[in-house]
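No hydrogens, no waters, no symmetry mates; every other heavy atom, side chains included, goes into these values. So you know, we letter chains A, B, ... as the sequences are listed, proteins then strands, and number each from 1.
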There are 2 protein chains.
Amino acid sequence: MSDIARLAGVHTSTVSRALAGSPLVEKSVREKIVKIARSHGYKVNPTARSLRLGRTQSVSVVIPLGHEVTQPLSDPFFVQMLGYLADDITQRGYGLFLQKVLPPMQDWLTDLIGSKRSDGIIVIGQSTEHKALEAVANQYKPLVVWGGQIDHQSYCTVGTDNIGGARLATDHLLGLGRRKIVFLGDTKVPEIRLRYRGYTQALDHAPKGAKKRNIRTHMTADLAFDAMRKLISEGGDFDAVVAGTDVIAVSAIRAITATGLKVPEDVAVVGYDDIGLAAHSNPPLTTVRQDLEKGAKHLVDLLFRRMEGEETESVNMAPELIIRESCGAHLHRR
Amino acid sequence: MSDIARLAGVHTSTVSRALAGSPLVEKSVREKIVKIARSHGYKVNPTARSLRLGRTQSVSVVIPLGHEVTQPLSDPFFVQMLGYLADDITQRGYGLFLQKVLPPMQDWLTDLIGSKRSDGIIVIGQSTEHKALEAVANQYKPLVVWGGQIDHQSYCTVGTDNIGGARLATDHLLGLGRRKIVFLGDTKVPEIRLRYRGYTQALDHAPKGAKKRNIRTHMTADLAFDAMRKLISEGGDFDAVVAGTDVIAVSAIRAITATGLKVPEDVAVVGYDDIGLAAHSNPPLTTVRQDLEKGAKHLVDLLFRRMEGEETESVNMAPELIIRESCGAHLHRR
DNA sequence: TTGAAAGCGCTACCAT
DNA sequence: ATGGTAGCGCTTTCAA
């Protein structure tokens, strides 16, 4: 910057003001400075700026994978979310610090906060980290979490009504005459636990004869496939599956198909999320849609309001049942 | 830091040394300082440190989407790569700045370099940005690109031998007796263009009667689906498809199946990448595997060597044909 | 409207 | 082995 100042024949403070678009600088001077800066490819050093201003102009996006057994991000859901977040955050002129947190997960959140690398934190998915989030919520404000809304939680979440969504899905299957409906998912994860609750609520209000059954499975494609195959080989008696996520649903379909059973004729399957793959699976997946684009907008909006000291409430969006073929609804229309 | 210094009864320079693990500080003093720092939740401010050191301890990972028509990252390939990169970069104690670049793509690279937000840059996929990369390669060294190796390029790439991989796939189909093989992909993207070249090379060496046909399609699932359906409805005569990516392959399978044709009996399909979905598609996809974990390791390794001033050569890894069912090889074994 | 100077928090050099 | 001090590049207050 001092170089630019010298070239323009002014003091650095004037350059700083000019480049910041301050109205204090005389127009002709400002234009001259801007021109010189551009022609020399000069960019204000964000590190120095951050140090002076006390803020980094960037936000951390964290993906905790406490519930995952395998390394890579296996769920496209998180990734699509990441893409939308990147757009929104970039649009506000902020940088995006990506952080993947794997077990063993000690002090990851307090460390991240303490490092002051970013002005705010978005956590995608509670994973198994509800307690860690709860622990810092009262002391560190610019924090927003995508996930399930848990009773008495003190951190701010954005998500869809998981109970309602799962209930929608389960009621739909009941309405199609299915009575032996299995739930497939890892209820250690809050969002999935809530979906399981919606599933049980629907069955509690179902006609007599409807059976509940929860099969715990990890959230990766392979492990869900194995869980489903095990259930079948053990002679599990069921005519429908409510899957905790689309990834699990697609794996379940594959496992069911592999044993010679047909989806949806023999077993109806409903997923959750409506990831891109859902429409392209075979058969196309009936699922509960979460609007990620809107979700990301909420997350970023709330975070920026919190970064300015505002207190914000959690947002619970309405889920939407997307009916395709895996539930067998089209068979009934005949 | 000055607080910690006061509490420990020493000067800040001693605290700095102690926290950096300098052997100059007496053991007892160092331990005392570390203890105080920990108990107060003190963390060295990375912004100030960066300013002083002249390096940010972070690397930018950029995903240029010049070839994409839709906003979100539609290809799981990039995402899996991102996950591995995050692991490797974190392991070296560096931060990961994520940058998504959408059209119109002006000066994105020089801007990123000029901002000095990171000490090095990894670009995932050349997209349509070969020229932009070429333009800075001689002037900015800590830059590594995942993508296809182009003749006379001056930037450093990591990738698989795309020509060889596609040739592997095409030869395999020829070996199974297929003669009317279509290529499906966007040849504007260097990697895909190389794969197309491998495909044509294989056909040039094929028995008489083998036909070439290139169908240009965008890289997203929906558009590939449409392209395939259009080809079929126009009465395109073919018995096999070499797809530019797995995402395209899976969409092609869906489009083929939707018209009543069978994969692989009527049309054999081979993909490229071996994304997680490939093994789980219906039928499971025969594809050319790129080892992403190894690829990510190479990228990070080369980048860090370049950040230390070393000149590095591009890496071209060997692709591997993974034979599953979509090519129909299992039908021949009978 | 511009200049001068202080200081963000840290590290490294030069003393001692 | 430790302390003092300068300075990384910027913004902002105060003075002119």
Roughly, in whole Å, what's the span from [atom1] in [X] to [atom2] in [N]?
X      : N       : atom1 : atom2 : answer
R6(B)  : dG3(D)  : CZ    : P     : 14 Å
Q57(B) : dC8(D)  : CD    : P     : 20 Å
R49(A) : dG9(C)  : CZ    : P     : 17 Å
L51(B) : dG7(C)  : CG    : P     : 17 Å
N45(B) : dC8(D)  : CG    : P     : 18 Å
D3(A)  : dC10(D) : CG    : C1'   : 14 Å
M1(B)  : dG7(C)  : CE    : C1'   : 17 Å

Backbone N or O of Y155(A) within a donor-acceptor pair of the E134(A) side chain at under 3.5 Å? no
Without swapping roles, check the side chain of N138(B) against the backbone of V136(B) for a donor-acceptor pair under 3.5 Å. no
Using OP1 and OP2 only, check whether a side-chain N or O of Y42(A) sits under 4.0 Å from dC10(D). yes
Under 3.5 Å, which donor-acceptor pairs do the side chains of residues 53-63 of chain A form with other protein atoms, sequence neighbours left out?
unit_1: T56(A); atom_1: OG1; unit_2: S58(A); atom_2: N; d: 3.4
unit_1: T56(A); atom_1: OG1; unit_2: S58(A); atom_2: OG; d: 3.2
unit_1: T56(A); atom_1: OG1; unit_2: R117(A); atom_2: O; d: 3.3
unit_1: T56(A); atom_1: OG1; unit_2: D119(A); atom_2: N; d: 3.4
unit_1: T56(A); atom_1: OG1; unit_2: D119(A); atom_2: OD1; d: 2.9
unit_1: Q57(A); atom_1: OE1; unit_2: Y94(A); atom_2: OH; d: 3.3
unit_1: S58(A); atom_1: OG; unit_2: R117(A); atom_2: O; d: 3.3
unit_1: S60(A); atom_1: OG; unit_2: S118(A); atom_2: OG; d: 2.6

Mind running a 4.0 Å heavy-atom check of residues 24-41 of chain B against DNA chain D and sending the residues that fall below it, in number order? L24(B), V25(B), E26(B), V29(B)
Can you list, by residue number, the residues of residues 10-23 of chain B that have a non-hydrogen atom closer than 4.0 angstrom to DNA chain D? V10(B), H11(B), S13(B), T14(B), R17(B)
Does any pair with a residue in residues 11-30 of chain B pass side chain to side chain donor-acceptor pair (under 3.5 Å), and if so which ones, sequence neighbours excluded? H11(B)-S13(B)
Checking E129(B) against W108(B): is there a side-chain donor and acceptor pair closer than 3.5 Å? yes
Side chains of T128(B) and H67(B): any donor to acceptor distance under 3.5 Å? no
NA contact type, L53(A), heavy-atom cut-off 4.0 Å: base, sugar-phosphate, or nothing? sugar-phosphate
List for me each residue that meets side chain to side chain contact (heavy atoms under 4.5 Å, CB included) alongside D3(B), sequence neighbours excluded, and say none if there are none. R6(B)
Considering all heavy atoms of both residues, which atom of E191(B) and which atom of G125(B) are nearest to each other, and what is their separation? OE2-CA, 4.3 Å
Electrostatic pair R92(B):D88(B) at N-O distance under 4.0 angstrom: no
Inter-residue atom distance Q153(A).CD - Q126(A).CD, 0.5 Å rounding: 6.5 Å
Contacting residues from residues 109-118 of chain B, given that a heavy atom lies under 4.0 angstrom of DNA chain C: none
Counting only heavy atoms not in K43(A), do more than 12 fall under 6.0 Å of its NZ? yes
